[in-house]
Amino acid sequence: MSKRTEIQTILEDFKPRVGQELTVMGWVRAFRSNRFIALNDGTSMGTLQVVVDFEQIPEDVLKQISFHACIKATGKLVESQGAGQDVELLADTVEILGAANPEEYPMQPKVQSLEFLREKAHFRMRTNTFSAVFRIRHGIAYAVHKYYNDNGYFYMHTPIITGSDAEGAGEMFRVTNLDISNPPRTEEGEVDFKEDFFEKPTNLTVSGQLQAEIGALALGKVYTFGPTFRAENSNTSRHLAEFWMIEPEVAFYDIFDNMDLAEDFCKYLINHILENYSAELEFLDQRIQNLEKNMPKNERRAMGLIETLRFVVDNDFERITYTDAVNILRNSKPYKKGKFEYDVEWGKDLQAEHERYLVEKKFQKPVIVRDYPASIKAFYMRMNDEQEGVPGKTVAAMDVLFPGIGEVIGGSQREERLDVLKTRMADMNVHEEELWWYLELRKFGGAPHAGFGLGFERMVQFITGMGNIRDVIAFPRTPGNAEF
RNA sequence: GCCUCAGUAGCUCAGCUGGUUAGAGCGGCGGACUGUUAAUCCGUAGGUCAUAGGUUCAAGUCCUAUCUGAGGCGCCA
C-alpha cells in the first residue's frame with residue numbers, strides 16, 4: 001500500500017502542501033455532479049473534496065463511487081475554486097478499494113434514526129454522529145490516564161474474574177466451564193464447584209474496588225479502568241450489562257478529599273474534550289439543536305451542549321448532605337403538590353425523580369450528596385459519628401449527580417476500623433471467611449482511605465449529549481442483546 | 001422485573017370513526033448535467049401493512065397471543 005496522507009493532516013495545515021502530489025484513502029460521503037467526492041477517512045469530522053474528471057477516470061470506476069465506498073485517490077492538492085473548502089485534490093487516478101453496492105448497502109446519505117443505526121453497529125461508526133462520539137470517547141479515556149499519571153497515581157489492573165460474591169453491587173455473571181446441561185453434583189445434589197476450573201464458584205467482576213484498596217494501602221494512590229459486569233435486568237438508557245468503570249482509591253483521603261478529587265477529575269475530563277475535540281462537540285451540539293427544533297420548549301435542553309459543559313467546568317459543584325437533601329425535597333413545590341411518585345423520608349433512598357429535582361430544578365448544576373443513611377449503603381462505607389439534627393446513623397458515602405444522567409459517581413470513605421467493619425459485615429450478612437484478606441488489610445498496617453467509581457459511559461453520555469448509553473459504546477451488551 | 005407507546009416500501013412517516021386498485025418525502029435504479037456543497041432536474045421500480053389466530057359481508061384499521069423496538073420506573077456506574 002503506498003503512503004497515504006491523512007485527511008485531518010491536510011485540512012489542519014494545507015498551505016505547505018498546496019502543489020504537492022498526495023494520496024488519500026477513505027470512504028465516500030457524497031458524490032456531487034459526477035465530479036466532486038466528499039471523502040472522509042475517520043481522522044476528523046472534515047471531508048476532503050476530491051475532484052475527478054470523467055474523461056480521465058474509467059467509467060466502471062466512476063460508477064462504483066457511491067456512498068461509503070472505500071477509495072484511494074492520487075493527485076495534486078490545489079486551492080479550491082469552490083466556496084466550501086480551502087483545498088481540494090485534483091485526482092489523476094482513483095482506485096476502488098471496497099465498493100459498497102447501494103442497492104444492498106443499508107446506510108444512506110441522510111439522517112438515520114439512532115434505533116436503526118443501533119442494529120447496524122458494524123456500519124454506524126462511519127456516520128458523523130458516531131465517529132464524533134467515538135473519537136470523543138477515546139479522548140476521555142486518554143484524559144483519564146493522563147490525569148492520574150500527571151497526579152502521581154498508578155494504574156492498577158484488578159481481576160475480571162472474581163471468586164468473591166460479596167462485592168455488594170448487584171447480580172453477577174457466573175464464570176464456569178462445567179457442562180451446564182449436566183454439571184457434576186455433590187452427594188446432596190448441589191452443583192459441585194470443586195470440579196470447576198477454579199474449584200469454587202466464580203463470577204465476572206462488578207467492581208475492582210476491594211482489590212484497588214489493596215493497591216492504595218501499598219502504593220498510596222491507584223486507579224483502575226476496566227470492564228465491569230452487572231447481570232441486572234436493567235432496561236434503561238443509562239445501564240449496560242458490560243460497561244467501563246474508573247475507580248481511584250487513595251490512602252489517607254477522607255470523604256472531603258474524595259469529593260475534591262471527584263469534582264476536579266470530572267472537570268478535567270470535560271476540559272480536555274472542550275480543548276481538543278471542538279469540531280466534534282460543535283457537530284453534536286448542532287445535532288441536538290436540530291433534533292430539538294421540533295420539540296415543545298419545555299422538553300428542550302435549557303442550555304446547548306457546549307454551553308452546558310462550560311458551565312459545569314466554570315462552577316463549583318453543589319455539596320449537600322443526604323439530610324439536607326431530604327429537607328430541601330420535603331419543602332419543595334413538587335413535594336407539597338404531591339407531584340413526586342415516591343415519598344421522601346429520612347432513611348429511604350433518593351429516587352431518580354428526587355435527584356433530578358435537586359440537579360435540574362433546585363441547583364441547576366452537578367450536585368454531590370454525602371452522608372447517606374447507613375442502612376441503605378454498602379458494608380465497606382465508613383460509619384460517621386452521630387451528628388446533631390440527623391435522625392439516624394450515616395456513612396461517609398457520596399454520589400455525584402449530573403443533569404440528564406443522574407448518578408455518574410458513587411463513592412465513599414472506607415471503613416478502616418476493624419471492629420466497626422466486622423460489626424457492619426455481620427449486620428449486613430456479609431461473610432467474613434470470604435473477605436478474610438479485606439479484613440487483614442485493616443488488621444495489619446491499615447489506614448484511612450477513600451475512593452469512588454465513575455461510570456465511564458455515563459461520562460461519555462454527558463459530554464457528547466447522547467441520550468442513550470447504548471450509543472456511546474461500540475457494541476452494547478444489554479438484556480437480550482449481545483450481537484456483534 | 002413492572003408500566004406505557006409503537007411496528008405500513010431500503011429509511012422516516014401519513015393512512016380520519018373498518019368500506020374500491022395502500023400514499024408521500026428521502027434513498028435506489030435509468031437519463032440529463034464538468035465548479036458542486038444535504039447539488040439540481042426528468043423518468044422509474046419497490047409493500048404477505050411484524051407474526052399467528054379471531055370478530056365481520058368487509059380488517060393496515062377492531063380483539064387475543066407472541067416477537068421486536070422505544071420511552072419511563074426499579075436495581076446502579
Side-chain angles (χ1 to χ4, degrees), chain A residues 29-38 47-57 62-63 66-68 78 80-85 88 90 100-120 128 167-171 206-209 224-247 262 290 294 299 340-342 349-356 376-378 399-402 405-411 452-462 467-471 473 478-481:
Chain A
R29 285 291 178 78
F31 187 29
R32 287 184 291 267
S33 198
N34 226 8
R35 186 167 168 78
F36 304 100
I37 301 168
T47 55
L48 178 71
Q49 175 150 289
V50 175
V51 184
V52 296
D53 188 331
F54 74 102
E55 286 174 343
Q56 273 186 45
I57 309 294
L62 220 49
K63 272 202 137 166
S66 64
F67 187 61
H68 282 181
V78 299
S80 178
Q81 299 169 35
Q85 55 284 317
E88 61 195 20
L90 298 179
N101 181 357
E103 286 185 72
E104 293 171 47
Y105 186 55
M107 305 293 279
Q108 295 176 4
K110 63 169 191 171
V111 176
Q112 292 191 289
S113 71
L114 296 175
E115 292 82 1
F116 174 75
L117 294 173
R118 230 168 267 157
E119 291 170 10
K120 310 279 176 240
N128 276 328
E167 288 164 11
E171 292 295 310
V206 292
S207 164
Q209 178 205 315
T224 75
F225 184 4
T228 311
F229 307 88
R230 304 271 166 96
E232 301 287 347
N233 192 5
S234 298
N235 293 288
T236 79
S237 57
R238 49 187 194 286
H239 287 87
L240 292 165
E242 176 182 285
F243 63 100
W244 290 67
M245 189 156 62
I246 296 141
E247 295 178 288
N290 290 339
N294 304 317
E299 285 176 34
F340 288 137
E341 192 184 336
Y342 293 87
D349 210 354
L350 300 178
Q351 300 298 317
E353 58 179 354
H354 307 139
E355 295 180 348
R356 206 171 314 121
I376 57 170
K377 289 290 181 184
D399 281 358
V400 180
L401 311 174
F402 267 39
I405 316 266
E407 187 179 346
V408 168
I409 286 178
F452 61 78
L454 179 141
F456 182 62
E457 282 79 13
R458 288 189 182 172
M459 182 55 82
V460 181
Q461 256 191 294
F462 180 74
N468 195 314
I469 200 164
R470 295 162 200 199
D471 297 329
I473 187 165
T478 53
N481 204 331

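Chain letters run A, B, ... following the sequence lines, proteins first and then strands; every chain starts at 1. Below, each value reflects all heavy atoms present in this structure, side chains not excepted, and no hydrogens, waters or symmetry copies.
One P atom belongs to B:A58, the other to B:G43, and the distance between them is 41 Å to the nearest Å. Separation of the C1' atoms belonging to B:G60 and B:G7 is 11 Å when rounded to the nearest angstrom. Taking atom P on both B:C73 and B:G27, the two are 37 Å apart, rounded to the nearest angstrom. The separation of B:C62 from B:U68, taken at their C1' atoms, amounts to 22 Å, rounded to a whole angstrom. Separation of the C1' atoms belonging to B:A45 and B:C2 is 46 Å when rounded to the nearest angstrom. Separating the C1' atom of B:C49 from that of B:U61 is a span of 10 Å, rounded to the nearest Å. On the P atoms, B:U4 is 28 Å away from B:C11, given to the nearest whole Å. Rounded to the nearest Å, the gap between the C1' atom of B:U37 and that of B:C76 is 46 Å.
Among residues two or more places apart in sequence or in another chain, the side-chain hydrogen bond (donor to acceptor under 3.5 Å, both in side chains) test is passed with A:Asn233 by A:Asn235. Evaluation of the side-chain hydrogen bond (donor to acceptor under 3.5 Å, both in side chains) rule for A:Asn101 yields A:Glu104 as partners, not counting sequence neighbours. In this view, A:Arg32 satisfies the side-chain hydrogen bond (donor to acceptor under 3.5 Å, both in side chains) rule with no residue, not counting sequence neighbours. With sequence neighbours left out, the ring-ring contact (aromatic ring centres under 6.0 Å, His included) criterion links A:His239 to no other residue. Listed by chain and residue number, A:Gln85, A:Glu88 satisfy the side-chain hydrogen bond (donor to acceptor under 3.5 Å, both in side chains) test with A:Ser80 (two or more places apart in sequence, or in another chain). A search for side chain to side chain contact (heavy atoms under 4.5 Å, CB included) contacts involving A:Leu114 returns A:Arg118, A:Phe130, A:Arg287, A:Met466, A:Asp471, not counting sequence neighbours. Not counting sequence neighbours, the partners of A:Thr478 by the side chain to side chain contact (heavy atoms under 4.5 Å, CB included) test are A:Leu240, A:Arg470, A:Asn481. Qualifying side chain to side chain contact (heavy atoms under 4.5 Å, CB included) partners for A:Tyr342, counting only residues two or more places apart in sequence or in other chains: A:Gln351, A:Glu353, A:His354.
B:A77 atom P lies 19 Å from atom CZ of A:Phe462, rounded to whole Å. Spacing between atom CD of A:Gln49 and atom P of B:A39 amounts to 11 Å, rounded to whole angstrom units. B:A39 atom P lies 12 Å from atom CZ of A:Arg29, rounded to whole Å. Between A:Ile37 atom CD1 and B:G35 atom P there is a gap of 16 Å when expressed in whole angstrom units. Between the CZ atom of A:Arg230 and the C1' atom of B:G1 there is a distance of 18 Å, rounded to whole Å. For the pair A:Leu114 CG and B:C11 P, the computed distance is 16 Å after rounding to whole Å. Per the geometry, CD1 belonging to A:Ile469 stands 8 Å off C1' belonging to B:A77, to the nearest Å. Taking atom CD1 of A:Ile376 as the reference point, atom P of B:G74 lies 13 Å away to the nearest angstrom.
Within the structure, every pair that satisfies the salt bridge (Lys or Arg N to Asp or Glu O under 4.0 Å) test and touches residues 453-462 of chain A, not counting sequence neighbours, is listed here: A:Arg137-A:Glu457.
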### Task
Assign a letter to each nucleotide of nucleotides 66-73 of chain B from its 5' end: B, base within under 4.0 Å of a protein heavy atom; S, sugar-phosphate only; -, no contact.
----SSBB
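Residues A:Val51 and A:Phe36 form a side-chain contact, since some pair of their non-hydrogen atoms from C-beta on lies under 4.5 Å apart. Considering only heavy atoms from C-beta on, A:Ile473 stays 4.5 Å or farther from A:Phe456 through its side chain. Put simply, the side chain of A:Arg29 reaches to within 4.5 Å of the side chain of A:Asn128, judged on heavy atoms.
Once the 5.5 Å centre distance and the 30° plane angle are applied, the aromatic ring of A:Phe243 is found stacked with the base of B:A77.
Nearer the 5' end of RNA chain B, as judged by each residue's closest nucleotide, is the contact made by A:Ser113, out of A:Glu55 and A:Ser113. If A:Leu350 and A:Val51 are placed on RNA chain B by their nearest nucleotide, the residue sitting closer to the 5' end is A:Val51.
You won't find any donor-acceptor pair under 3.5 Å spanning the side chain of A:Arg32 and the base of B:A38, going by distance alone. Checked by distance alone, A:Glu88 brings a side-chain donor or acceptor within 3.5 Å of a matching partner on the base of B:G35. Evaluation of atom-type donor-acceptor distances gives a pair under 3.5 Å for the side chain of A:Gln85 against the base of B:U37.
Set against B:G35, B:A77, B:U12, the side chain of A:Phe116 has B:U12 as its closest nucleotide.
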### Message
For RNA chain B, please output the secondary structure as dot-bracket, reading 5' to 3'. Pairs are Watson-Crick or G-U wobble, both atom distances under 3.5 Å; mark crossing pairs with [ ], other-strand partners with |, unpaired with a dot.
### Response
(((((((..((((.....[...)))).(((((.......))))).....(((((..]....))))))))))))....
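Within 90° of 0 lies the glycosidic angle of B:G46, which makes this nucleotide syn.
One distance of note links CZ of A:Phe116 with CD of A:Gln108; it measures 7.0 Å at 0.5 Å rounding.
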Any protein N or O atoms within reach of nucleotides 26-33 of chain B? Criterion: under 3.5 Å, listing atom names and distances.
| residue | atom | partner | partner atom | Å |
| --- | --- | --- | --- | --- |
| B:C26 | O2 | A:Lys110 | NZ | 3.1 |

